[in-house]
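Just so it is clear: chains get the letters A, B, ... in the order the sequence lines come, proteins before strands, and each one is counted from 1.
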Amino acid sequence: MVADEEGKPLKSRTDFIRALMESDAQSGRFDGRVQTRFPPEPNGYLHIGHAKAICLNFALAQESNGICNLRFDDTNPETEDEQYVEAIIEDLRWLGFSPDDIHHSSDYFPQLYEWAEHLIHAGLAYVDDQDSGTISKQRGGFGKPGVSSPFRNRSVSENLDLFRRMRDGEFPEGSRVLRALIDMQSENMQLRDPIMYRIRAVRHHRTGGDWNIYPTYDWAHGQGDAIEGVTHSLCSLEFSDNRALYKWFLDNLPLDAPAPYQTEFARLELTHTVTSKRKLKELVERDEIDGWDDPRLPTLKALRRRGYPPSAIREFCSFIGVSRTNSRHAIELLESFVRTELNATAQRRMAVIRPLKLIITNWPIDDDGRPVLEYRSLMNNPENDADGTREVPFSGELWIEDDDYRQDPPPKYFRLAPGREVRLRGGYLVTCTGAIQDDDGNVTEVHCIYDPLTAGGAAPDGRKVKATIHWVEANHALDGTVALYERLFTAEVPGEKTGEPIDDLNPASREIINGCKFEPELGEHLNDHVVQFERLGYFAVDQDDPRFFHRTVGLRDEWAKLQRRQTGGS
RNA sequence: UCGGGGAUGGUGUAAUUGGCAACACAGCUGGUUCUGGUCCAGUCGUUGGGGGUUCGAGUCCUCCUCCCCGAACCA
């Protein structure tokens with residue numbers, strides 16, 4: 001195994017795709033050249049599944065000093081739109097990749113047309129006058145051979161004439177198609193005279209009204225690869241059967257360079273989420289979530305808004321590698337990459353999301369009868385001294401987390417309770433002397449006395465406390481809102497039981513908490529837009545509201561785990 | 001039903017191509033710690049089933065089982 005200079009093992013370079021490339025390099029198939037591409041259809045937004053394909057294609061090119069282009073596979077004007085083109089370019093850039101070139105399949109419509117005539121001349125393509133239902137029936141089924149179209153042996157000149165008139169808009173939509181003449185008996189359904197062109201009276205977002213006929217995916221994809229000089233054309237497993245067709249087209253075209261070839265790999269699936277355009281779209285359209293960038297979604301826009309660092313996504317994609325095995329990765333693995341990155345880079349701040357008043361009863365009072373204010377110096381990131389420190393206001397009147405006080409502490413509970421001493425992070429050791437309750441028995445105010453000798457948090461006599469809790473000075477606290485996210489779907493495989501992912505939607509996937517208290521230096525000097533609220537987790541500032549924080553991911557929480565075990569799981 | 005692909009711990013990926021099954025996540029135990037975080041140490045546990053070849057099989061042969069994909073003028 002290869003190792004980098006720090007001695008950490010790098011990911012194996014022996015996956016089947018790299019092995020293929022290695023053997024091509026050795027045989028000189030493409031003169032040692034490597035060119036890949038990322039070919040999205042501009043009909044939706046990029047998601048984590050695309051990220052895997054993106055990282056793979058770009059990494060492969062980089063490793064071989066090759067080229068990776070972005071190509072929009074825009075052959076179906078009915079579903080595609082320019083807005084997606086823009087969004088995809090932006091998401092790709094955010095993920096950290098800049099394509100060597102940006103192309104569009106629609107750039108090749110003229111060449112594709114010319115090649116189609118070439119195939120007609122060669123007797124390898126014909127115009128079929130039947131409708132789609134008829135063609136579909138004739139195609140046969142699994143184990144049942146297809147039957148030939150009655151138009152299958154039209155003359156070259158008739159085919160040419162008809163095809164040109166299709167192009168010129170003489171025929172209504174859906175009335176005729178151009179088909180490749182291959183083999184109606186093939187066991188591979190893709191080879192039973194597949195459609196190359198269909199008539200569509202639709203404006204294309206780039207070519208406008210120039211064309212009345214549009215190429216299908218199969219007729220455009222490999223040809224686009226060939227035109228661009230792609231060597232290794234990667235796609236997902238469900239295209240395996242299309243590989244023979246990909247090859248057939250290229251084999252029958254007058255190409256002057258070695259033809260690219262297609263290799264399939266397993267797409268990325270994650271637990272507790274969906275990565276299918278159709279299902280994502282359904283969620284958005286049914287208003288189950290706020291939109292394409294709702295932080296609960298696995299779209300790149302959403303992950304960015306939620307605070308996922310692009311580097312963590314890249315690391316994750318590289319780590320999981322490629323294979324041909326259908327699998328579903330645990331979302332926890334992605335999260336662990338997010339935590340690792342954020343632990344190193346996110347500055348620490350203090351925030352109290354469910355505030356409970358804490359009064360230090362022996363804290364000094366100034367001449368106006370108000371608690372004396374002082375400033376405590378706290379590390380911005382204990383993992384990174386270079387991030388420095390900040391001054392945080394402190395007094396005898398603080399907010400602490402409701403969960404950090406128990407009138408009646410359960411076993412193993414280390415935090416504040418009557419008679420207990422804890423540390424206020426970066427502040428003092430305080431001992432609880434009691435609490436005020438309302439008529440319903442709810443604790444409304446916790447009282448403590450502090451030890452003035454413990455400024456900064458350390459006791460000169462060396463005594464230890466079992467817990468350190470976070471706090472926000474009450475008179476300088478900023479008010480704001482926090483959104484806590486859980487899995488979007490409760491089931492590991494959404495829709496596994498009923499076939500409908502929506503049935504497994506987690507009703508508690510988002511909890512919005514108002515009235516949170518933040519320390520005054522909140523959004524200042526952040527690396528990117530993510531902070532760690534100490535003991536709570538990583539949070540991303542909302543792009544539109546500086547007082548609104550999305551929880552990117554929580555911290556590992558031993559106490560929560562312990563509690564879960566004590567209450568019998570779930 | 002036919003064709004194509006796949007199966008390694010709880011999960012995912014690897015194994016010098018026939019030679020001690022490893023890495024990570026998750027779990028568990030302990031240590032460190034001014035975050036019940038981080039970090040450190042330890043631990044748990046794997047080749048779908050049967051047969052065969054071999055000194056030796058996750059790897060080769062054979063039979064079986066199970067899973068995924070494919071019958072849009074979608075991609």
Side-chain angles (χ1 to χ4, degrees), chain A residues 1 9 11-12 14-15 39-41 43 73 75-76 78-80 128 130-133 135-137 139-146 173-179 186-190 192 194-200 213-214 216-218 220-221 235-244 264 266 271 277 319-337 339-340 343-344 348 350 378-379 382-383 412-415 422-427 429 454 456-458 464-470 492 532-537 554-562:
Chain A
M1 187 174 288
K11 74 171 252 45
S12 155
T14 56
D15 60 73
E41 183 188 14
N43 70 345
D73 229 336
T75 57
N76 185 0
E78 290 182 308
T79 59
E80 295 152 6
D128 195 329
Q130 304 177 107
D131 62 31
S132 65
I135 290 177
S136 172
K137 245 171 269 153
R139 187 142 25 220
F142 303 145
K144 289 185 290 281
E173 209 170 281
S175 62
R176 283 182 169 83
V177 289
L178 183 73
R179 288 229 253 171
S186 174
E187 283 162 334
N188 182 346
M189 302 294 293
Q190 305 297 328
R192 320 248 258 229
I195 311 293
M196 294 169 63
Y197 275 102
R198 67 280 213 188
I199 300 173
R200 283 291 174 276
I213 54 174
Y214 291 97
T216 55
Y217 163 84
D218 287 299
H221 200 90
C235 63
S236 45
L237 248 27
E238 66 267 29
F239 290 95
S240 297
D241 290 347
N242 298 55
R243 184 173 61 240
E264 313 85 32
T271 56
K277 277 182 197 168
F319 182 83
I320 60 175
V322 258
S323 77
R324 293 181 62 92
T325 311
N326 289 308
S327 59
R328 189 174 295 264
H329 282 82
I331 189 120
E332 289 85 353
L333 182 63
L334 208 207
E335 289 175 341
S336 86
F337 277 91
R339 284 198 191 95
T340 300
N343 177 53
R348 316 285 130 124
M350 289 199 287
L378 276 96
M379 295 278 286
E383 300 293 314
K412 299 270 183 65
Y413 185 87
F414 304 145
R415 283 108 95 150
V422 302
R423 173 167 32 241
L424 295 173
R425 169 131 247 221
L429 298 189
T454 58
K464 305 259 188 220
V465 291
K466 295 202 94 167
T468 297
I469 66 175
H470 60 276
E492 272 196 10
Q532 181 195 108
F533 286 147
E534 297 226 28
R535 304 209 303 134
L536 296 176
L555 259 23
R556 272 195 198 85
D557 190 346
E558 289 294 326
W559 169 240
K561 216 184 281 173
L562 223 173

**Student:** Which part of the nucleic acid, if any, lies within reach of A:Pro145 when heavy atoms closer than 4.0 Å are counted: base, sugar-phosphate only, or nothing?
**Tutor:** nothing
**Student:** Does A:Glu492 reach a base, just sugar-phosphate, or nothing at all? Heavy atoms under 4.0 Å.
**Tutor:** nothing
**Student:** Tell me what A:Tyr413 touches on the nucleic acid: a base, only sugar-phosphate, or nothing, going by heavy atoms under 4.0 Å.
**Tutor:** base
**Student:** Within the 4.0 Å heavy-atom criterion, would you say A:Asn43 contacts the bases, only the backbone, or no part of the nucleic acid?
**Tutor:** nothing
**Student:** Ignoring backbone atoms, test whether A:Ser240 places a side-chain nitrogen or oxygen under 4.0 Å from the OP1 or OP2 oxygen of B:C69.
**Tutor:** no
**Student:** Distance check needed: B:C69 C1' versus A:Leu237 CG, whole Å only.
**Tutor:** 7 Å
**Student:** Between B:U35, B:C28, B:C25, spot the one nearest the side chain of A:Arg425, thanks.
**Tutor:** B:U35
**Student:** Where the side chain of A:Glu534 is concerned, which of B:U35, B:G12, B:A14 is the nearest nucleotide?
**Tutor:** B:U35
**Student:** Check A:Arg200 with A:Glu78, please: is the shortest side-chain N to carboxylate O separation under 4.0 Å?
**Tutor:** yes
**Student:** Please determine whether a side-chain nitrogen or oxygen atom of A:Lys561 lies at a distance below 4.0 Å from atom OP1 or OP2 of B:G27.
**Tutor:** yes
**Student:** Has A:Arg339 got a side-chain atom pairing as donor or acceptor with A:Gly537's backbone, closer than 3.5 angstrom?
**Tutor:** no
**Student:** Choosing from B:A14, B:G36, B:A26, which nucleotide comes nearest the side chain of A:Arg556?
**Tutor:** B:A26
**Student:** Does A:Arg200 reach a base, just sugar-phosphate, or nothing at all? Heavy atoms under 4.0 Å.
**Tutor:** base
**Student:** More than 12 heavy atoms of other residues, nucleotides or ligands under 6.0 Å from CD of A:Gln130: yes or no?
**Tutor:** yes
**Student:** Any base atoms under 4.0 Å from A:Arg415, or only sugar-phosphate, or nothing? Heavy atoms, all strands.
**Tutor:** base
**Student:** Just to confirm, is there a sub-4.0 Å distance from OP1 or OP2 of B:A75 to any side-chain nitrogen or oxygen of A:Thr75?
**Tutor:** yes
**Student:** So what does A:Ser327 touch, heavy atoms closer than 4.0 Å: a base, only the sugar-phosphate, or nothing?
**Tutor:** sugar-phosphate
**Student:** Could you tell me whether A:Leu562 contacts a base, only the sugar-phosphate backbone, or nothing, with contacts defined as non-hydrogen atoms closer than 4.0 Å?
**Tutor:** base
**Student:** Counting Watson-Crick and G-U wobble pairs only, both distances under 3.5 Å, name the nucleotide matched with B:U13, or none.
**Tutor:** B:A22
**Student:** Looking at every strand, decide which applies to A:Arg139 at a 4.0 Å heavy-atom threshold: base, sugar-phosphate, or nothing.
**Tutor:** sugar-phosphate
**Student:** Mind checking if A:Ser186 touches a base, just sugar-phosphate, or nothing, with heavy atoms under 4.0 Å?
**Tutor:** nothing
**Student:** Round to a whole Å and report the spacing from CD of A:Glu332 to C1' of B:G12.
**Tutor:** 12 Å
**Student:** Give a yes/no verdict on base stacking between B:A75 and A:Tyr217: centres under 5.5 Å, planes within less than 30° of parallel.
**Tutor:** no
**Student:** Whole Å only: how far is the CE atom of A:Met379 from the C1' atom of B:U33?
**Tutor:** 13 Å
**Student:** What is the nucleic acid contact for A:Ser136, judged by heavy atoms within less than 4.0 Å: base, sugar-phosphate only, or nothing?
**Tutor:** sugar-phosphate
**Student:** Would you indicate what A:Tyr214 reaches in the nucleic acid, counting non-hydrogen atoms under 4.0 angstrom: base, sugar-phosphate, or nothing?
**Tutor:** nothing
**Student:** Do A:Glu41 and A:Asn43 pair up side chain to side chain, a donor and an acceptor below 3.5 Å, judged on atom types alone?
**Tutor:** yes
**Student:** Give the nucleotide from the list B:U38, B:U35, B:A75 with an atom nearest to the side chain of A:Glu383.
**Tutor:** B:U38
**Student:** Across the strands shown, which category fits A:Glu335 at heavy-atom distances under 4.0 angstrom: base, sugar-phosphate, nothing?
**Tutor:** nothing
**Student:** Students often get this wrong, so: under 4.0 angstrom with heavy atoms, is A:Arg339 touching a base, only sugar-phosphate, or nothing?
**Tutor:** nothing
**Student:** Any stacking of A:Phe142 on B:G3, going by centres under 5.5 angstrom and planes within less than 30 degrees?
**Tutor:** no
**Student:** With nearest nucleotides of RNA chain B determined for A:Glu187 and A:Glu41 from heavy-atom distances, which residue corresponds to the more 5′ nucleotide?
**Tutor:** A:Glu187
**Student:** Is A:Phe414 stacked against the base of B:G36, taking the criterion as centroid distance under 5.5 angstrom and interplanar angle under 30°?
**Tutor:** yes
